[in-house]
Amino acid sequence: MSPPNSKNDRLLTGMIIGVSVLGIGYFGWRAISENANTARENPFEYTVEDFREIDPALLRYTEVRTIPLDMETVHGLAVDDSGRVYVTGDDRVLVMNGEGREQAVIPTGGTARCIGVDTNGDMYLGMTGGIEVYGREGVRKARWNGPGGHAVLTSVAVTDNYVYVADAGNRILRKYDKSGNEVLRIGGRDESRGIPGSIVPSPFYDTALDPDGFVWLTNPGRHTLENYTPEGDPRTSWGLFSMDIGGFCGCCNPGHLAILDDGRFVTSEKGIPRVKVYDRLGKLESVVAGPDRFAEGTEGLDLAVDSRGRVYVLDPARKAVRIFERKNPGV
């Protein structure tokens with residue numbers, strides 16, 4: 001037998017220590033790896049990916065045309081009674097027919113964030129300094145002084161006699177006559193009349209008129225749409241905060257609104273970009289386009305509709321107008 005401190009014992013001891021270190025390292029690495037995998041597979045982990053998926057049964061529209069835009073930035077969209085398409089961006093308004101062929105380019109000298117077009121073809125542009133009015137031929141007819149202060153004009157809706165302008169900066173809907181006089185403010189907080197007031201955390205605040213002549217206004221911070229008479233009296237509202245496809249999620253949605261000729265609503269959202277259709281009572285009917293149809297982070301999906309029930313979506317990321325049509329009309 002060799003003595004305890006012999007060379008062979010020292011060699012054996014070293015081998016044992018080496019194997020032990022390798023074993024600890026191996027199993028330690030496995031434990032760390034398994035814990036990491038467990039963390040990634042944690043069913044309680046917060047993720048929005050599940051909410052990006054759309055039930056195929058709800059996808060009842062198909063994209064029938066994409067109109068590319070020769071602009072660096074795009075902001076506002078409108079479609080008139082004749083089917084002409086209007087887009088504001090950079091320092092001009094681009095006017096096209098329904099196939100996307102350019103008909104006019106109207107210089108504005110500044111950027112219009114929004115546009116409304118009346119039955120005469122007059123264009124009402126929400127500019128930094130106020131409202132500018134251009135005739136069908138592209139000549140400026142009037143400039144109305146803006147409300148000043150923190151005003152940010154984000155939407156315009158036009159009737160034969162009045163112009164409704166959403167002011168996101170002051171969280172109010174302003175009603176003007178066709179001479180440019182402000183005649184009414186709608187949607188301001190008034191507890192005695194049951195008006196909670198708008199919450200507008202970002203510059204997305206929209207208005208539209210329904211077929212009966214009533215005024216609709218988005219309240220994005222409250223995730224609702226509110227309905228008023230032309231005299232500013234509240235009528236009803238609908239909408240709820242929910243990550244589910246039937247609700248509006250994020251800090252402030254819906255971002256944009258349009259109303260079809262039969263009174264159904266079209267809405268767009270940011271955060272999880274999607275375009276949806278609701279019936280006249282605010283019940284989800286279908287999805288025009290889900291998040292997979294837009295670049296991640298896309299916002300500012302302005303909307304318009306035409307007499308054929310088609311939905312026009314202004315896509316700022318792609319710098320294009322995208323036209324969607326119902327797959328089975330009447331179903």
Side-chain angles (χ1 to χ4, degrees), residues 75-76 113-114 116 124 126-131 144-159 162-177 180-210 212-243 246-259 263 265-271 276 278 280-283 299-303:
H75 292 285
R113 292 188 60 92
C114 50
Y124 296 79
M127 312 287 289
T128 300
I131 300 292
W144 304 347
N145 292 328
H150 302 288
V152 179
L153 308 183
T154 54
S155 180
V156 180
V158 190
T159 70
Y162 296 100
V163 180
Y164 296 86
V165 181
D167 178 353
N170 292 292
R171 303 177 297 281
I172 200 76
L173 180 65
R174 301 176 185 275
K175 180 179 180 180
Y176 295 86
D177 63 23
N181 302 303
E182 185 178 311
V183 297
L184 186 65
R185 297 182 181 183
I186 299 173
R189 183 175 180 180
D190 188 339
E191 294 180 357
S192 66
R193 301 170 64 201
I195 303 175
S198 295
I199 299 176
V200 189
S202 58
F204 300 104
Y205 190 44
D206 210 350
T207 188
L209 304 170
D210 69 21
D212 300 316
F214 294 111
V215 183
W216 287 86
L217 180 65
T218 62
N219 195 334
R222 298 186 189 276
H223 303 91
T224 58
L225 280 73
E226 299 176 349
N227 186 214
Y228 296 88
T229 67
E231 295 71 39
D233 297 318
R235 298 184 70 242
T236 187
S237 65
W238 64 265
L240 77 160
F241 172 78
S242 174
M243 294 294 291
F248 301 116
C249 63
C251 76
C252 36
N253 274 310
H256 288 278
L257 166 70
I259 301 179
F265 302 90
V266 184
T267 65
S268 71
E269 297 168 70
K270 56 188 179 62
K276 300 180 293 190
Y278 292 82
R280 297 189 69 148
L281 299 178
K283 180 181 178 182
E299 58 182 28
L301 297 169
D302 201 3
L303 301 170

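Bear in mind the structure is a predicted one, so any value in this text is a computation, not a measurement. In this chain, numbering begins with 1 at the start of the sequence shown.
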field: Check: Val215 main-chain N/O paired with Asn227 side-chain donor or acceptor under 3.5 Å
entry: yes
message: Is any side-chain heavy atom of Lys270 closer than 4.5 Å to one of Cys251?
response: yes
Set of ring-ring contact (aromatic ring centres under 6.0 Å, His included) partners for Phe241, sequence neighbours left out: His223
query: So do Tyr205 and Ser198 actually touch side chain to side chain, heavy atoms under 4.5 Å?
result: yes
Residues which pass side-chain hydrogen bond (donor to acceptor under 3.5 Å, both in side chains) with Tyr278, listed by chain and number, not counting sequence neighbours: Lys276
Listed partners of Phe204 passing ring-ring contact (aromatic ring centres under 6.0 Å, His included), at least two apart: His256
Qualifying salt bridge (Lys or Arg N to Asp or Glu O under 4.0 Å) pairs, either residue in residues 220-233, two or more places apart: Arg193-Asp233
task: Would you please name every residue forming a side chain to side chain contact (heavy atoms under 4.5 Å, CB included) with Leu184, sequence neighbours left out?
output: Lys175, Ile186
message: Tell me which pairs pass side-chain hydrogen bond (donor to acceptor under 3.5 Å, both in side chains) where either residue lies in residues 144-155, with sequence neighbours left out.
response: Ser155-Asp206
query: Any donor and acceptor pair, going by atom type alone, linking the side chain of Thr267 with main-chain N or O of Pro254 inside 3.5 Å?
result: no
statement: Sorted by chain and number, sequence neighbours left out, side-chain hydrogen bond (donor to acceptor under 3.5 Å, both in side chains) with Asn253 holds for none
task: Output all residues satisfying side-chain hydrogen bond (donor to acceptor under 3.5 Å, both in side chains) with Arg174, sequence neighbours left out; order by chain, then residue number.
output: Asp167, Glu182
- line: With sequence neighbours left out, the residues meeting side-chain hydrogen bond (donor to acceptor under 3.5 Å, both in side chains) with Thr207 are none
- request: Quick one: list whatever passes side chain to side chain contact (heavy atoms under 4.5 Å, CB included) with Arg280, sequence neighbours left out.
  value: Asp212
message: Set out, in order, the CA-CA distance, both residues' side-chain angles and the distance that settles side-chain contact (heavy atoms from CB on, under 4.5 Å) for Leu209 and Ile259, then state yes or no.
response: CA-CA 7 Å; Leu209 304 170; Ile259 301 179; over 6 Å; no
